[in-house]
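Note that the structure is a prediction, hence the values are computed from the model and not measured.
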Amino acid sequence: MQVKAFFDEPTFTLTYVVYDPESRDAVVIDPVLDFDPLTWRTSTASAEAVIEFVRAHQLDVKWILDTHAHADHLTGMDALKHRLEAPTAIGERITLVQETFKQIYHLGDVPTDGRQFDALLGDGEVLPAGSFAVKALHTPGHTPACMSYLIGDMVFTGDALFMPDYGTGRCDFPRGDAEALYDSVTTKLYTLPAPTRVFVGHDYLPGGRELAYETTIGDSLEHNVQLRAGTTKADFVAFRHTRDSSLAPPKLILQSLQVNIVAGRLPSPEDNGVSYFKIPINFLGRPR
């Protein structure tokens, strides 16, 4: 199995094309739709880079997967779905995230049964992808619907687990849960074989180092600065609460979530032909 990583520098997001070079079967994990918060224009530059790679290698994309409904970038799921004619999938608890943010955005007509995605994955479910398979691991905490994807000797952890010098995902979004994240990492990820290759969902280049996106379970257990072997749940939860209370919201949180809970579809144009986001005023930072 081979992995091609694409790094979106504005949002520090990693997109992966995972493929079998013999059969040319592939999946895409966590694609990006570009969005300029100054001009409010979208573009498909990041998606086009993925499409160019897929076509250059004559890959047959079986699935487009999101690890969760991202709060820091717009998903490129919908753009890739139509260009690559591939179905989309996400964790089955996306319905809970849809219910939560439907209320926040007051989206009266948005279904909250997950129908916007082609498949909703349960914990431990195995998704056939041609010559290989993807095993879905429910790893909540950052959001209640987060999934990690196990493919052979590789696991794609989204925002659950980052590079050892950065730590883990934040847990202060609506329905985030630091205790759940501790359990996810220690019982679902750290129980995988030590040589398992870990591919992270973001890399924030701490200390100005070069981009890094691959580690191992063994290295994470030994060196993760926030959660390693021996870290207690109480210490981790206390750390996350203190750390998260100091973090600013992601710059694109209000734009991205209303798109990402519906599989990357932009709001429908109104009768003047223009699409509009709904942005709640005085919402971020208020007690919940």
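Nearest heavy-atom pair across Val32 and Ser46 is O-CB, 3.6 Å. Here the closest heavy-atom approach between residue Leu181 and residue Phe236 is recorded as CD2-CZ, 3.9 Å. Across Trp63 and Thr88, no two heavy atoms sit closer than the pair CZ3-O, 3.7 Å.
For Thr168, the side chain to side chain donor-acceptor pair (under 3.5 Å) criterion is met by Gln226, Arg240, not counting sequence neighbours. With sequence neighbours excluded, the residues forming a side chain to side chain contact (heavy atoms under 4.5 Å, CB included) with Arg115 are Pro111, Asp113, listed by chain and number. For the side chain to side chain contact (heavy atoms under 4.5 Å, CB included) test, residues two or more places apart in sequence or in another chain that qualify with Thr44 are Leu33, Ala47, Glu48, Ala79. The side chain to side chain contact (heavy atoms under 4.5 Å, CB included) test applied to Phe101 returns Val97, Ile104, Tyr105, Pro174, Leu257, Ile261, not counting sequence neighbours. Taking the ring-ring contact (aromatic ring centres under 6.0 Å, His included) definition, one finds that Phe117 meets it with nothing, sequence neighbours left out. Listed by chain and residue number, nothing satisfies the side chain to side chain donor-acceptor pair (under 3.5 Å) test with Ser246 (two or more places apart in sequence, or in another chain). Under the side chain to side chain contact (heavy atoms under 4.5 Å, CB included) criterion, Thr157 pairs with Ser148, Val155, Leu161, Leu189, Val198, Val200, sequence neighbours left out. In terms of the side chain to side chain donor-acceptor pair (under 3.5 Å) criterion, Tyr204 has no residue partners (sequence neighbours excluded). Scanning for salt bridge (Lys or Arg N to Asp or Glu O under 4.0 Å) contacts around Lys251 gives an empty result, with sequence neighbours left out.
Asp78 has no carboxylate O lying under 4.0 Å from a charged side-chain N of Arg83, or vice versa, which leaves the two without a salt bridge. Ion pairing between Asp183 and Lys233 holds under the 4.0 Å rule for side-chain N and carboxylate O. In summary, Asp165 and Arg209 engage in a salt bridge, as defined by a charged side-chain N under 4.0 Å from a carboxylate O. A salt bridge does not link Glu125 with Lys135: none of the charged nitrogens is closer than 4.0 Å to a carboxylate oxygen. The existence of a salt bridge linking Arg41 and Asp34 is excluded, since no basic side-chain nitrogen approaches an acidic carboxylate oxygen closer than 4.0 Å.
Within 6.0 Å of CD in Glu270 there are more than 12 heavy atoms belonging to other residues, nucleotides or ligands.
Remark: Ile151 CD1 to Thr196 OG1 distance equals 12.5 Å, nearest 0.5 Å.
No continuous path of hydrophobic side-chain contacts links Phe156 to Phe6 [ILVMFWY only; heavy atoms under 4.5 Å].
Remark: the Thr216 side chain and the Asp219 side chain contain no N/O donor-acceptor pair separated by less than 3.5 Å.
Sequence neighbours left out, the pairs with a member in residues 128-147 that pass ring-ring contact (aromatic ring centres under 6.0 Å, His included) are His68-His142, His142-Phe173. Among pairs with a residue in residues 24-52, those fulfilling ring-ring contact (aromatic ring centres under 6.0 Å, His included) read Phe35-Trp40, Phe35-Phe277, Trp40-Phe277, at least two apart in sequence or across chains.
If you chain together ILVMFWY residues whose side-chain heavy atoms come under 4.5 Å of each other, Tyr276 ends up grouped with Val274.
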Please lay out, stage by stage, how Ser131 and Asp20 fare under the test side chain to side chain donor-acceptor pair (under 3.5 Å).
CA-CA 7 Å; Ser131 61; Asp20 180 339; 2.8 Å; yes
Let me see the working for Asp60 and Lys62 under salt bridge (charged side-chain N to carboxylate O under 4.0 Å, His left out), right down to the final yes or no.
CA-CA 6 Å; Asp60 181 7; Lys62 300 297 187 182; 2.8 Å; yes
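In summary, the aromatic rings of Tyr16 and Phe199 are positioned with their centroids under 6.0 Å apart.
Classified by interplanar angle (parallel below 30°, tilted 30° to 60°, perpendicular above 60°), the ring pair Phe162/His202 is perpendicular.
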